[in-house]
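Report on the structure given below.
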Amino acid sequence: MTSVSATGTAAAGAPVVTRFAPSPTGYLHIGGARTALFNWLFARHHGGKYLLRIEDTDRARSTEPAIAAIFDGLSWLGLEGDEEPVFQFARSDRHAEVAQALLDSGKAYRCYLSNEELAARRQKAQEERRPFRIDSEWRDADPADAPAGTASVVRIKAPREGETVIEDLVQGRVTVRNEELDDFVILRSDGTPTYMLAVVVDDHDMGVTHVIRGDDHLNNAFRQLTILDGMGWDRPVYGHVPLIHGADGAKLSKRHGALGVDSYRDELGILPEALFNYLLRLGWGHGDDEIIAREQAVEWFDMAHVGKSPSRFDLAKLQNLNGHYLREADDARLAALAAARMPGEPDLALLARAMPVIKVRARDLDEIADGAAFLFATRPLDLTEKAQGLLTEEARQRLAGIHDRLSGESDWTLETLEASLKAMAEELGLGLGKLAQPLRAALTGQTTSPGIFDVLVLLGRDESLARIAAQAGAPAQSQV
Ligand code: GLU
């Protein structure tokens, strides 16, 4: 393991440990996936560890299907944790233990202010137009004065003077005046830990050296430092990454078509390596390089080139990138993926053989499935309107001629078929297109398809001749 001495305050020389800590209240969204990716890459680049923590303390909103969707999405992207995931809720006792330690050392206190009292104070501050800050008289009270039988919460003693500075790997130096920090609750009156406490304790216990997450957590970092400092624990290095925005510049939301990672796979037919590459480039850059595969990304990734401003999600770019990866992908793998999107059980070997000519223009798996559908169509073919339009009487007569000619070909190869049809076109004094167009309509039911000789070879002799015969008209006069 190498170690990093990035700016920040993680113990110098410690091996890198990062973590992705999703709250399982919904699917794995694109922003979460990118956070996971950056943590994974940072750890891999430095030969460190990347851990997963499921922050399931919100019992009402955390669900099993969401947890399953998160693991599923991460494993699809190849971003599984290096160790068994940690479940935050299961660690409540440990969180409470740390709250107790902070109480014992005088860094936290039991506060007996009721919710009503707090609400009244908040309202008063509002009326007087001054910012509300918890200013509990229990902060410095003698615990012996505690009112018997009254519920209490545990609050951290936030510093009140001076300032707190974070040297953030993305945001640079960020300073907050300590008077802006409040004595927030770390343990509720029912003894359960708050999110703020749980995160700090878990990061510490998991040995996390670098906290890379969305910049919506930057304010939390200052509060979390209060707990860390209270325990005398090393501070991690922070990197708060700007959130992803939609094409219109507003924060990415469902309105922009922001989907779960599973929808990019299932509904949009995106390959994991394409989403990986796209998410990498969304907020991080290496010059003008667009196509960056996994190993290259590990070698190049650094926090210094994470942009400070939000990046914009662009579906067309993702689809273009996907097209690139489809062309690079193994044909048998694509055949299996496309077959799952086609009716019945298409012949995988045929699909794989056809893949090189099918995938050239496709941008997603559905386009591949659509493009390959003609291979498995049953006779009589359903012709598109355009294809029907091509099959004039004259064209049907030509098909009869083509049928005659090709019936005589025993060597059903690309070269022979090409030579044969070219010779026929020449004999008739026609461009090859005049033969290829009706032929394409008859063979595929469409007006666009892979090259016509490829189509003939893929369909094979018998099927090709049968499809041509099905559309051929009465033989032309000259042939009678
Ligand atoms: N569970 C938090 C979230 O899903 C992340 C907390 C963190 O990364 O510190 O937004």
Side-chain angles (χ1 to χ4, degrees), residues 8-10 16-43 49-63 65-71 73-74 77 79 81 85-92 94-95 98 156 166 168-171 174 184 186 192-228 231 233-244 251-254 258 260-261 279 283 303 306 310:
T9 46
V16 165
V17 180
T18 64
R19 61 19 168 219
F20 174 51
S23 304
T25 52
Y27 49 54
L28 176 63
H29 57 84
I30 211 84
R34 189 189 58 166
T35 300
L37 174 64
F38 283 11
N39 276 287
W40 183 89
L41 283 171
F42 190 80
K49 261 195 308 192
Y50 154 81
L51 306 177
L52 290 184
R53 181 170 72 234
I54 300 296
E55 303 212 311
D56 54 351
T57 44
D58 183 342
R59 301 312 284 167
R61 294 175 60 225
S62 299
T63 68
I67 293 174
I70 289 169
F71 287 146
L74 289 175
L77 284 167
L79 302 176
V86 169
F87 286 83
Q88 191 159 65
F89 180 67
R91 294 177 37 83
S92 307
R94 167 65 179 151
H95 304 144
V98 170
I156 190 81
I166 289 180
D168 192 277
L169 292 180
V170 181
Q171 311 285 333
V174 190
F184 58 92
I186 56 173
T192 58
T194 58
Y195 163 73
M196 213 62 84
L197 176 65
V199 168
V200 173
V201 175
D202 290 350
D203 279 346
H204 172 264
D205 290 1
M206 291 163 75
V208 171
T209 58
H210 292 74
V211 172
I212 299 166
R213 58 187 175 191
D215 68 1
D216 48 337
H217 287 286
L218 181 58
N219 285 336
N220 286 344
F222 289 93
R223 307 171 99 199
Q224 289 164 0
L225 282 178
T226 314
I227 303 176
L228 275 168
M231 289 302 289
W233 289 339
D234 284 331
R235 294 179 172 193
V237 178
Y238 290 103
H240 287 95
V241 181
L243 300 182
I244 300 170
K251 199 183 142 191
L252 196 67
S253 69
K254 281 200 181 145
V261 162
L279 290 177
M303 291 300 288
V306 172

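Numbering of ligands and ligand atoms starts at 1, following listing order. Values below: all heavy atoms of this structure, side chains included; hydrogens, waters and symmetry mates excluded.
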Is the ring pair Tyr27/His29 parallel, tilted or perpendicular, if the boundaries are 30 and 60 degrees?
perpendicular
Consider every N or O of Val211 and every N or O of ligand 1, then say whether any pair is closer than 3.5 Å.
no
How does Tyr195 reach ligand 1, by side chain, by backbone, by both or by neither, if only non-hydrogen atoms under 4.0 Å count?
side chain
What I want to check is whether the side chains of His210 and Asn39 have a donor and an acceptor closer together than 3.5 Å.
no
Location of contacts on Gln224 toward ligand 1, heavy atoms closer than 4.0 Å:
neither
Those atoms of ligand 1 less than 4.0 Å from some heavy atom in Ser23
1 (N), 2 (C), 3 (C), 4 (O)
Considering only protein heavy atoms, which is closest to atom 1 (N) of ligand 1, and at what distance to one decimal place?
Glu55 OE1, 2.6 Å
Heavy atom of the protein closest to atom 10 (O) of ligand 1 (residue, atom name, distance):
His217 NE2, 2.9 Å
Only one of Leu74, Thr35, Ile70 forms a side-chain contact (heavy atoms from CB on, under 4.5 Å) with Pro22, so which one is it?
Ile70
Ring-face cation contact, Phe87 with Arg91, 6.0 Å cut, 45° max
no
What about Arg53: any of its N or O atoms under 3.5 Å from an N or O on ligand 1?
no
What protein heavy atom is closest to atom 5 (C) of ligand 1, reported as residue, atom name and distance in Å?
Ala21 O, 3.3 Å
